[in-house]
Asker: 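This structure is in structure tokens; I'll ask about it shortly.
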Amino acid sequence: MPMTLLPAIHGCRARVARSGTASQAHIIRGSLMTALALFVFGSLPVAAGMSKLNAPEVARKGREFMRKKGDKSLGRGLVSLALHLDPFLYQEQEFVGWLPTLLKSEPLNYWRGSTYIGHDKTYLESLLPREQLFRDNKINFLALIAWRNMQLTGLSCCGIDNLAVFFQQASKHMYLAPFVDLVPGAGDRLKKENQVMYKSFKQWWVETGRRPMPEPPVEYKGHGRYEWQAMKVSMKPSRVPVGWLDFIEAAIALRLEEYEAARSCLRMALRKNPVLQNVANEFLPEIVDVISGGVVVASPPVIDESKKYIVCYNPHVGLGNLAVVMVSAHMLAKLTGRTLLLHWNVNTVSRHAFKLKELPGVRLLLDYSDKSEVVFSGPVKHLYLFHMMNSENLGEVLETLGCSDLQQSLSSYPVVTVSSNLFFAPLLKVNPHVPEGAIPGFPEMLHEMFAPGQQPVKRALEFLRETGWGKLDWWGVNIPVIAIHVRAREDGEDNDDWPTASSPNRIMLDKLRHCLEHAIARELKVKTFDIFVASTTESARSAVVETLDELPGLRNVLTMKSLDRNRKADTGAVDAMAEALLISRADVFLRLVIGTSGFSTFAYLSNALRLQNDWVNDLPWLKRKGFAPNYLVTEDCGPNRCYLAPPDVRMANIGWHGKQYTQRSCGDLVEKVEGKGNSVLGCTGLRPVTSKSGPTGDEL
């Protein structure tokens with residue numbers, strides 16, 4: 001049976017169970033080892049030497065060191081590494097006679113991860129579709145990932161789903177129904193496919209006598225916090241060799257095929273303790289060979305205990321969404337006097353779209369981790385903020401960002417991580433402890449932090465020169481350019497606040513042309529013009545181009561050729577930013593988001609880029625200031641055909657969670673944000689365009 005994974009829903013990824021009943025699974029128990037639906041992404045090939053990095057062999061070597069070689073510290077370290085690779089190793093017949101006894105005397109903690117892996121739920125969820133990481137005897141390693149994911153998400157999507165499906169896949173059936181039932185109503189909030197699986201297993205569980213979970217059971221402690229002794233696999237630093245926590249992170253990164261992270265963690269381990277070289281040679285030969293030719297020069301890491309950090313882990317979202325998150329995190333870092341560490345994370349392709357400026361207090365995580373700690377030793381505060389999340393958890397984050405004294409409320413955390421898909425700078429702006437004027441507009445924040453990347457600038461400049469964009473005509477008048485952007489539904493997108501179709505229908509195309517004609521009449525003082533058309537799908541772009549046929553005054557329809565729309569590809573990120581740069585040079589901006597009220601952070605990014613003119617220094621007639629008039633066509637905000645839209649970025653709607661969650665100690669934060677002029681997602685702020693036929697005009 002082919003394996004598939006549903007697309008990310010509500011900003012998360014959930015493992016999805018295959019159809020089938022619990023009774024069938026109970027009869028054919030072994031078949032459940034492949035009963036999880038996954039989408040297999042491409043990845044680097046597994047290194048040849050990785051076969052030595054398996055839990056049983058590592059555990060045997062650990063016992064050998066403790067019993068025969070007299071190095072109990074290293075022996076314990078190897079046993080701990082083995083448990084990270086397989087938290088259920090102590091249940092295996094070979095180890096049941098001695099491993100549980102050893103663990104009983106050791107204080108154990110949960111795995112928390114490194115700067116690269118373990119502090120961001122979007123990265124952990126990106127691992128779930130990669131079936132090759134968890135095949136065969138590696139299936140129990142998935143428990144470590146799923147458990148950490150649930151620690152970070154609590155009751156939000158999709159921690160419970162992912163752990164429940166792990167129980168299914170790993171044939172740990174007796175955990176499944178009682179685990180889900182720990183929180184009343186949790187079963188009803190699972191993905192639809194997983195609800196079918198859960199109900200089937202629950203029926204089987206009830207029919208077989210409602211037996212309790214195996215020992216040790218998963219326990220729910222309230223407020224989204226679970227406990228499970230089986231997932232405590234990390235020994236105290238005093239019980240293992242110096243640098244061992246870094247060594248374990250190198251091994252985990254290698255198992256996950258994250259080679260850059262593996263090298264960075266191993267480099268740090270060997271700087272702290274060069275004696276670990278022999279162990280690295282045996283278990284991690286693939287990455288030892290690429291660190292200084294196999295020899296690591298011992299040098300102490302740069303550790304500044306006084307430093308405090310905001311770490312921004314970028315989610316897999318579009319360029320506009322990504323930009324608003326990064327600048328919001330930068331504002332949080334500035335307000336709290338912290339260094340911002342920026343990690344491209346699951347969105348590595350976007351590094352080609354943006355060029356991070358040299359700023360005090362802002363560093364790429366990769367640069368930081370090359371010489372500093374890769375394992376956060378102190379307490380870490382995780383700010384998890386997605387518009388679709390558990391409402392109670394959302395309320396807590398809103399209180400922190402929108403009402404609390406940020407310096408004080410975060411003071412006990414040397415490291416604060418940010419995982420978000422929201423423009424949350426408006427929450428900081430209305431915080432009563434934040435000085436008036438401390439939070440500038442999005443264009444200013446973007447300009448301070450980023451310039452457009454070199455590759456998209458080159459692509460955009462080539463297009464501008466080839467098309468003669470905005471150049472003088474025979475009469476010495478600049479030919480204006482109108483930019484049209486259509487946000488259409490792309491393959492694989494979910495339906496949460498996204499476009500509902502891959503191309504506009506005839507009615508919407510007629511509305512688009514009607515709005516365009518009125519925008520031309522209102523904004524242009526010349527009779528001829530060019531139109532640049534961009535869209536997230538080729539079918540939508542083609543439909544719009546066809547609609548422009550015989551439009552009076554239209555000189556040229558401009559479109560980028562050989563366009564890569566794959567946002568997961570390097571060239572896709574480059575082309576998307578190039579289109580945003582071109583739109584930023586337009587004289588009028590008309591946009592359409594099919595089936596929604598027109599929320600598009602890509603459009604807001606394009607507007608904000610008008611402030612950045614250095615890249616067109618050689619084309620001075622294309623320098624811009626202020627926003628271009630923004631027009632919007634939508635069928636979601638009443639009977640009107642055409643609207644004037646605010647050009648500044650809006651915050652996604654969180655008001656639907658209810659006032660009991662948005663009303664915090666300093667007031668209702670949604671209302672406060674709107675009161676400061678930052679409208680939220682929806683029809684708020686849109687002004688119907690009126691014709692000039694009468695004294696007051698008629699709505700179009």
Side-chain angles (χ1 to χ4, degrees), residues 479-489 498-559 579 582-583 585-600 602-604 606-607 627-647 650 679 681-700:
I479 299 296
V481 178
I482 301 169
I484 298 177
H485 181 259
V486 182
R487 180 71 173 90
R489 181 176 171 83
W498 292 105
T500 54
S502 60
S503 183
N505 59 28
R506 186 71 260 165
I507 294 175
M508 289 304 297
L509 289 170
D510 290 343
K511 287 184 177 182
L512 178 73
R513 174 147 177 165
H514 195 69
C515 189
L516 175 61
E517 290 172 346
H518 283 276
I520 292 168
R522 292 168 61 96
E523 305 295 346
L524 300 187
K525 299 178 181 179
V526 296
K527 294 183 178 180
T528 58
F529 51 87
D530 293 338
I531 293 181
F532 173 68
V533 182
S535 175
T536 52
T537 66
E538 181 57 38
S539 60
R541 187 171 75 170
S542 299
V544 171
V545 170
E546 183 178 339
T547 299
L548 300 177
D549 189 40
E550 298 184 1
L551 180 69
L554 176 60
R555 192 180 68 155
N556 298 306
V557 176
L558 311 176
T559 58
E579 284 195 315
L582 293 173
I583 291 171
R585 302 302 104 179
D587 300 279
V588 179
F589 186 15
L590 173 61
R591 53 193 178 87
L592 164 66
V593 181
I594 302 171
T596 76
S597 58
F599 183 78
S600 169
F602 178 82
Y604 303 134
S606 301
N607 281 319
F627 292 119
N630 272 234
Y631 288 79
L632 172 68
V633 177
T634 178
E635 56 188 0
D636 218 39
C637 295
N640 305 296
R641 296 187 178 96
C642 186
Y643 297 86
L644 279 167
R650 295 184 287 167
S679 58
L681 174 67
C683 301
T684 306
L686 301 182
R687 292 188 293 123
V689 174
T690 57
S691 70
K692 298 180 180 179
S693 59
T696 59
D698 301 316
E699 289 189 354
L700 298 177

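Quick caveat, the model's predicted, so the values are computed rather than measured.
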Asker: Once you round to the nearest 0.5 Å, how far does CZ of Arg541 lie from OG1 of Thr536?
Answerer: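 Output value for this atom pair is 11.0 Å.
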Asker: Once you round to the nearest 0.5 Å, how far does OG of Ser606 lie from CZ of Arg585?
Answerer: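 Taking OG in Ser606 and CZ in Arg585, the distance rounds to 10.5 Å.
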Asker: Taking the side chain as every heavy atom from C-beta outward, state whether Asp549 and Leu554 have any atom pair closer than 4.5 Å.
Answerer: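 Answer no - side chains too far apart.
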Asker: Taking all heavy atoms of Leu548 and all of Val557, pick out the closest pair and write down the distance.
Answerer: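 Closest approach of Leu548 to Val557, heavy atoms only: CD1-CG2, 4.1 Å.
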Asker: What verdict does the side chain to side chain contact (heavy atoms under 4.5 Å, CB included) test give for Tyr604 and Arg650, after you've listed the backbone C-alpha separation in whole Å, the side-chain angles of each residue and the deciding distance to 0.1 Å?
Answerer: CA-CA 8 Å; Tyr604 303 134; Arg650 295 184 287 167; 2.8 Å; yes
Asker: Is any side-chain heavy atom of Val544 less than 4.5 Å from a side-chain heavy atom of Arg513?
Answerer: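 They are not in side-chain contact.
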Asker: Of all the heavy-atom pairs spanning Phe627 and Pro647, show the shortest one and how long it is.
Answerer: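 Looking at all heavy atoms of both residues, the shortest contact is CD1-CG, 3.3 Å.
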Asker: State, with a plain yes or no, whether a side-chain heavy atom of Leu592 is found less than 4.5 Å away from one of Met508.
Answerer: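 Of all side-chain heavy-atom pairs linking Met508 with Leu592, at least one is under 4.5 Å.
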Asker: Counting only N and O atoms by type, is there a donor-acceptor contact under 3.5 Å from the side chain of Ser535 to the main-chain atoms of Glu538?
Answerer: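 Flag not set: sc Ser535 to bb Glu538 has no pair under 3.5 Å.
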Asker: In chain order, what residues pass the ring pair (Phe, Tyr, Trp, His ring centres under 6.0 Å) check against Tyr631, with sequence neighbours excluded?
Answerer: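 Not a single residue meets the ring pair (Phe, Tyr, Trp, His ring centres under 6.0 Å) criterion with Tyr631.
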Asker: Does a donor on one side chain sit under 3.5 Å from an acceptor on the other, for Glu546 and Ser542?
Answerer: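 Glu546 vs Ser542: no donor-acceptor pair found between side chains.
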Asker: Between Ile583 and Phe602, does the side chain to side chain contact (heavy atoms under 4.5 Å, CB included) criterion hold? Intermediate values first, please.
Answerer: CA-CA 10 Å; Ile583 291 171; Phe602 178 82; 3.9 Å; yes
Asker: Indicate yes or no: at least one non-hydrogen side-chain atom of Phe529 is less than 4.5 angstrom from one of Arg555.
Answerer: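 They are not in side-chain contact.
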Asker: Working to the nearest 0.5 Å, report the span between CG of Leu509 and OG of Ser503.
Answerer: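 Interatomic distance, Leu509 CG to Ser503 OG, rounded to 0.5 Å: 6.5 Å.
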Asker: Heavy atoms only: give me the nearest Val588-Ala519 pair and the separation to one decimal.
Answerer: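 Distance-wise, the nearest heavy atoms are CG1-CB, 4.4 Å.
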Asker: If you define the side chain from C-beta out and look only at heavy atoms, does anything of Ile531 sit under 4.5 Å from Leu551?
Answerer: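 Yes, at least one pair of side-chain atoms sits under 4.5 Å.
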Asker: What's the separation between atom CG in Leu558 and atom CG in Asp530, rounded to the nearest 0.5 Å?
Answerer: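 Those atoms lie 5.0 Å apart.
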Asker: Does some side-chain heavy atom of Leu686 sit less than 4.5 Å from a side-chain heavy atom of Leu632?
Answerer: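 Side-chain contact under 4.5 Å: yes.
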Asker: To the nearest 0.5 angstrom, please state how far the CZ atom of Arg591 sits from the OH atom of Tyr643.
Answerer: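 Separation between the atoms: 13.0 Å.
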Asker: If you take all heavy atoms of Thr537 and Ala488, which pair is closest and at what distance?
Answerer: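 Reported closest heavy-atom pair: OG1-CB, 3.5 Å.
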Asker: Keeping Asn630 on the side-chain end and Pro646 on the backbone end, is there a donor-acceptor pair under 3.5 Å?
Answerer: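 Not at all, since once roles are kept as given, no pair shorter than 3.5 Å links the two residues.
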Asker: Just so I know, are the side chains of Pro480 and Val526 near enough to count as touching, which here means a heavy-atom distance under 4.5 Å?
Answerer: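 Yes, close enough: below the 4.5 Å cut-off.
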Asker: When rounded to the nearest 0.5 angstrom, what distance separates OG1 in Thr559 from CZ in Phe532?
Answerer: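 CZ of Phe532 is found 7.5 Å from OG1 of Thr559.
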Asker: Do Leu590 and Val633 pass the side chain to side chain contact (heavy atoms under 4.5 Å, CB included) test, and can you show the C-alpha distance, the side-chain angles, and the key distance before you say yes or no?
Answerer: CA-CA 8 Å; Leu590 173 61; Val633 177; 3.9 Å; yes
Asker: Check whether any side-chain heavy atom of Leu516 sits under 4.5 Å from a side-chain heavy atom of Lys511, and report yes or no.
Answerer: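 No - every pair of side-chain heavy atoms lies 4.5 Å or more apart.
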Asker: Let's go through Arg522 and Val689 carefully: what are the C-alpha distance in whole Å and the side-chain angles of both, what is the deciding distance for side chain to side chain contact (heavy atoms under 4.5 Å, CB included) to 0.1 Å, and is it a yes or a no?
Answerer: CA-CA 10 Å; Arg522 292 168 61 96; Val689 174; 3.8 Å; yes
